[in-house]
Amino acid sequence: MSRRTYKIETIVINELSVHHVVVDDHYMVKHSDHISDELILELVKLLNGIDQQPDKSIRGFSYFVNLLMFDKKQYRLIWLLEDNQIYIGVINAYRDDRRE
């Protein structure tokens with residue numbers, strides 16, 4: 001499994017200034033025909049300003065799931081924050097037309 005790190009313009013998530021995005025290649029297994037690192041970075045920008053409780057917290061990592069609209073399409077973004085770090089980790093992203 002490989003991960004790529006991108007420096008981004010600062011966004012604020014849960015009152016934390018985030019400067020980097022780490023993208024896991026998990027999405028490439030089933031979703032590479034409609035998801036790319038560039039699209040994931042656009043989805044991450046949509047998180048700017050949110051204050052959200054994690055869906056789950058385990059061993060210093062807080063996990064989140066969001067439905068996001070981009071370019072008139074809905075995507076599900078699965079991401080994490082690590083305690084005391086300034087990056088967002090993207091675990092998976094895919095098109096999702098479900099309501100919840």
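Keep in mind that what you see is a predicted model, and the values were worked out from it rather than measured. We count residues from 1, following the sequence as given.
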(message) Any non-hydrogen side-chain atom of Val90 less than 4.5 Å from a side-chain atom of Ile78?
(response) no
Scan the side chains in residues 15-22 for donor-acceptor partners under 3.5 Å anywhere in the protein, sequence neighbours excluded, and list what turns up.
residue : atom : partner : partner atom : Å
His19   : ND1  : Thr10   : OG1          : 2.9

(message) Run the side-chain contact (heavy atoms from CB on, under 4.5 Å) test against Lys45 and tell me which residues pass, sequence neighbours left out.
(response) Glu42
(message) Using 0.5 Å steps for rounding, measure from the CZ atom of Arg95 to the CG atom of Leu39.
(response) 9.5 Å
(request) Please name the pair of heavy atoms, one in Asp25 and one in Arg4, separated by the smallest distance, quoted to 0.1 Å. (result) CB-NH1, 3.7 Å
(request) Answer with yes or no whether the hydrophobic clustering places Val12 together with Ile50; edges join I, L, V, M, F, W, Y residues whose side-chain heavy atoms lie under 4.5 Å apart. (result) no
(request) Check whether the side chains of Asp37 and Tyr6 place a donor and an acceptor atom closer than 3.5 Å, and report yes or no. (result) yes
(request) Quick one: do Ile88 and Leu47 satisfy side chain to side chain contact (heavy atoms under 4.5 Å, CB included)? Show the steps, please. (result) CA-CA 10 Å; Ile88 179 174; Leu47 298 174; 3.5 Å; yes
(request) Rounded to the nearest 0.5 Å, what's the gap from OG1 on Thr5 to CZ on Arg3? Could you check? (result) 9.5 Å
(message) How long is the straight-line distance from OH of Tyr75 back to CZ of Phe70, given to the nearest 0.5 Å?
(response) 7.5 Å
(request) Using atom types as modelled and distance alone, determine if a side-chain donor or acceptor of Asn48 lies under 3.5 Å from a backbone N or O of Ile11. (result) no
(request) Name all residues meeting the side chain to side chain donor-acceptor pair (under 3.5 Å) criterion together with Gln53; count only those two or more places apart in sequence or in a different chain, and write none if there are none. (result) none
(request) Spell out, yes or no, whether Leu80 and Ile58 are grouped together once hydrophobic residues are joined by side-chain heavy atoms under 4.5 Å, including indirect joins. (result) yes
(request) Identify the two heavy atoms, one from Asp55 and one from Val65, that lie closest to each other, and give their separation to 0.1 Å. (result) OD2-N, 2.8 Å
(request) Can you sort out the partners of Tyr63 under side chain to side chain donor-acceptor pair (under 3.5 Å), two or more places apart, ordered by chain and number? (result) none
(message) We want to know whether Asn66 and Trp79 form a side-chain donor-acceptor pair, criterion being a heavy-atom distance below 3.5 angstrom.
(response) yes
(message) Once side-chain contact (heavy atoms from CB on, under 4.5 Å) is applied, do any residues pair with Asn14, and if so which ones, sequence neighbours excluded?
(response) Asp51, Gln52, Phe64, Leu81
(message) List the residues meeting ring-ring contact (aromatic ring centres under 6.0 Å, His included) with Tyr87, not counting sequence neighbours, and say none if there are none.
(response) none
(message) So does Asp96 get a backbone contact from the side chain of Gln74, meaning a donor-acceptor N/O pair under 3.5 Å?
(response) yes
(request) Quick one: closest heavy-atom pair of Ile35 and Ala93, and the distance? (result) CG1-O, 3.6 Å
(message) Holding to side-chain contact (heavy atoms from CB on, under 4.5 Å), I want the full list of residues that pass it with Lys72, two or more places apart in sequence or in another chain.
(response) none
